[in-house]
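The next block holds one structure in the form of structure tokens; read it before the comments.
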Amino acid sequence: ISTYLQLLTMLAKARQPAEASNLFNALLQDNLRPTTAIFTALLIVLTKTNHFTKAVKDFESMRLYEGCLPDKYTYTAMIKGCCEAGLYDQARKIFNEMIVEGVKPTIFTFNTLIFGYGKAGRFRDIERVLTLMDSYGVKSDTVTWNTLIRVFGLHNRIPAMEQAYEGLLGQGLLPDVVTLNSLLSAYGKAGLFEKMHSVTDYMVRYSYPMTTVTYNTIIKMYGMAGEIDQVDMAFKRMETEGVKPN
RNA sequence: CGGCUUCCUUC
């Protein structure tokens, strides 16, 4: 069953829903019993590939298999799927069901909700989630702040984004490469190139790795702004820094 | 140890 789980996880990453369904049937034919993790992996591939209705059906029917009750992973995956499908009421319903079933939401659950609402610009809902999180005694982590920074950046809410960055520092956490790449993306989108530079300076000063993603972000942002010379410089710098283009 | 969240990769 571990073999099947590993294979399903790979198929989820590769977004191969048909192959994943075939594999699930093969597992049954091998007289193996599916597990909650197997169903979760299956739900992930389905929601990732716009087979949301099928995912809900499997989410409902998994309970018919012995020992296959949804757990914190399953609920979080379904909440993410609902948000990506734009079904926020459904996401909330599944969260409530999770609570009723006695499955404790984790930081993953809350971060997923924040990202889902944030992408859609539902900032009131984010506030609600943060309050809820507090009431469950779950403490925000770097990913929480990164998520807030990302979603505010996506919506060009630069002051709110910078407030989230301050929140991260205020909690005694350090930015990671995802934080800084998100800042680069937002500043680039807003045309705040001086601020982009202060982020890259910061990365150099504190020895953050300038990854392929970092350079891809810089190239994309300058490209969108029509700053072709900057694009060229960034690409050449990748080569001199030994960062491989992907 | 293996399945859930945040950065570029069709906007």
Side-chain angles (χ1 to χ4, degrees), chain A residues 1-13 15 20 23-24 34-48 55 59 62 68 70-84 91 94-95 98 103-119 126 129 133 138 140-154 161 164-165 168 173 175-189 196 199 203 208-225 231 234-235 238 243-246:
Chain A
I1 198 66
S2 299
T3 314
Y4 279 104
L5 180 56
Q6 196 63 50
L7 289 167
L8 272 176
T9 304
M10 291 170 66
L11 289 172
K13 287 200 203 322
R15 303 186 186 229
L23 200 69
F24 181 77
T35 62
T36 297
I38 289 284
F39 276 105
T40 304
L42 196 55
L43 295 177
I44 288 165
V45 66
L46 292 173
T47 54
K48 267 189 179 163
F59 177 62
M62 65 185 281
C68 289
D71 63 10
K72 59 188 177 179
Y73 299 99
T74 321
Y75 281 114
T76 300
M78 281 307 292
I79 288 168
K80 182 175 164 64
C82 290
C83 289
E84 276 166 5
I94 289 176
F95 178 84
M98 182 178 187
V103 178
K104 292 254 179 293
T106 68
I107 187 65
F108 286 79
T109 315
F110 292 112
N111 289 347
T112 299
L113 281 165
I114 292 168
F115 187 65
Y117 287 136
K119 259 196 321 191
I126 288 184
V129 172
M133 206 170 138
V138 176
S140 49
D141 63 5
T142 306
V143 174
T144 312
W145 295 109
N146 285 355
T147 303
L148 290 166
I149 288 165
R150 181 66 187 142
V151 298
F152 287 131
L154 283 173
M161 179 183 80
Y165 183 73
L168 169 89
L173 299 171
D176 61 16
V177 68
V178 175
T179 318
L180 299 170
N181 287 344
S182 296
L183 290 176
L184 283 175
S185 175
Y187 286 142
K189 190 161 100 144
M196 264 183 99
V199 175
M203 293 180 87
Y208 283 87
M210 301 270 278
T211 61
T212 301
V213 173
T214 307
Y215 282 106
N216 287 351
T217 303
I218 292 169
I219 288 168
K220 174 181 172 175
M221 293 309 146
Y222 278 127
M224 283 171 58
V231 170
F235 186 60
M238 271 182 100
V243 180
K244 288 223 191 311
N246 64 8

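Chain naming here is simple, since letters A, B, ... match the order of the sequence lines and numbering starts at 1 in each. Nothing here was measured: the structure is a model prediction, and the numbers come from that model.
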* Length of the OH-P vector between Y187(A) and C7(B), whole Å -> 18 Å
* To do: Check whether the aromatic ring of F108(A) stacks on the base of U5(B), taking stacking as ring centres less than 5.5 Å apart and planes within 30° of each other.
  => no
* Rounded P spacing from C11(B) to C7(B) in Å -> 13 Å
Under 4.0 angstrom, heavy atoms only, what part of the nucleic acid is [X] near: base, sugar-phosphate, or nothing?
| X | result |
| --- | --- |
| S2(A) | base |
| K72(A) | base |
| T214(A) | nothing |
| S185(A) | nothing |
| D176(A) | nothing |
| I38(A) | nothing |

* To do: Please evaluate the base of C4(B) for a donor-acceptor partner in the side chain of T76(A) within a cut-off of under 3.5 Å?
  =>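 Pair found.
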* Asked: In terms of side-chain heavy atoms of K220(A), which of U5(B), C8(B), G3(B) is nearest?
  -> C8(B)
* Choosing from C4(B), G3(B), C7(B), which nucleotide comes nearest the side chain of T106(A)? ->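 Comparing C4(B), G3(B), C7(B) against the side chain of T106(A), the answer is C4(B).
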* Any donor-acceptor pair under 3.5 Å from T179(A) side chain to D176(A) backbone ->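 Indeed, once roles are kept as given, a pair shorter than 3.5 Å links the two residues.
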* So, does Y208(A) use its side chain to make a donor-acceptor pair with the main chain of P175(A) at under 3.5 Å? ->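 Yes.
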* Does a nitrogen or oxygen in the side chain of R150(A) sit under 4.0 Å from OP1 or OP2 of C8(B)? ->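 Yes.
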* Asked: Does a nitrogen or oxygen in the side chain of K80(A) sit under 4.0 Å from OP1 or OP2 of U6(B)?
  -> yes
* Asked: Any side-chain donor-acceptor pair under 3.5 Å between T211(A) and T214(A)?
  -> yes
* Please find out if less than 6.0 Å separates the ring center of Y73(A) from that of F108(A). =>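 They do not qualify: ring centres at least 6.0 Å apart.
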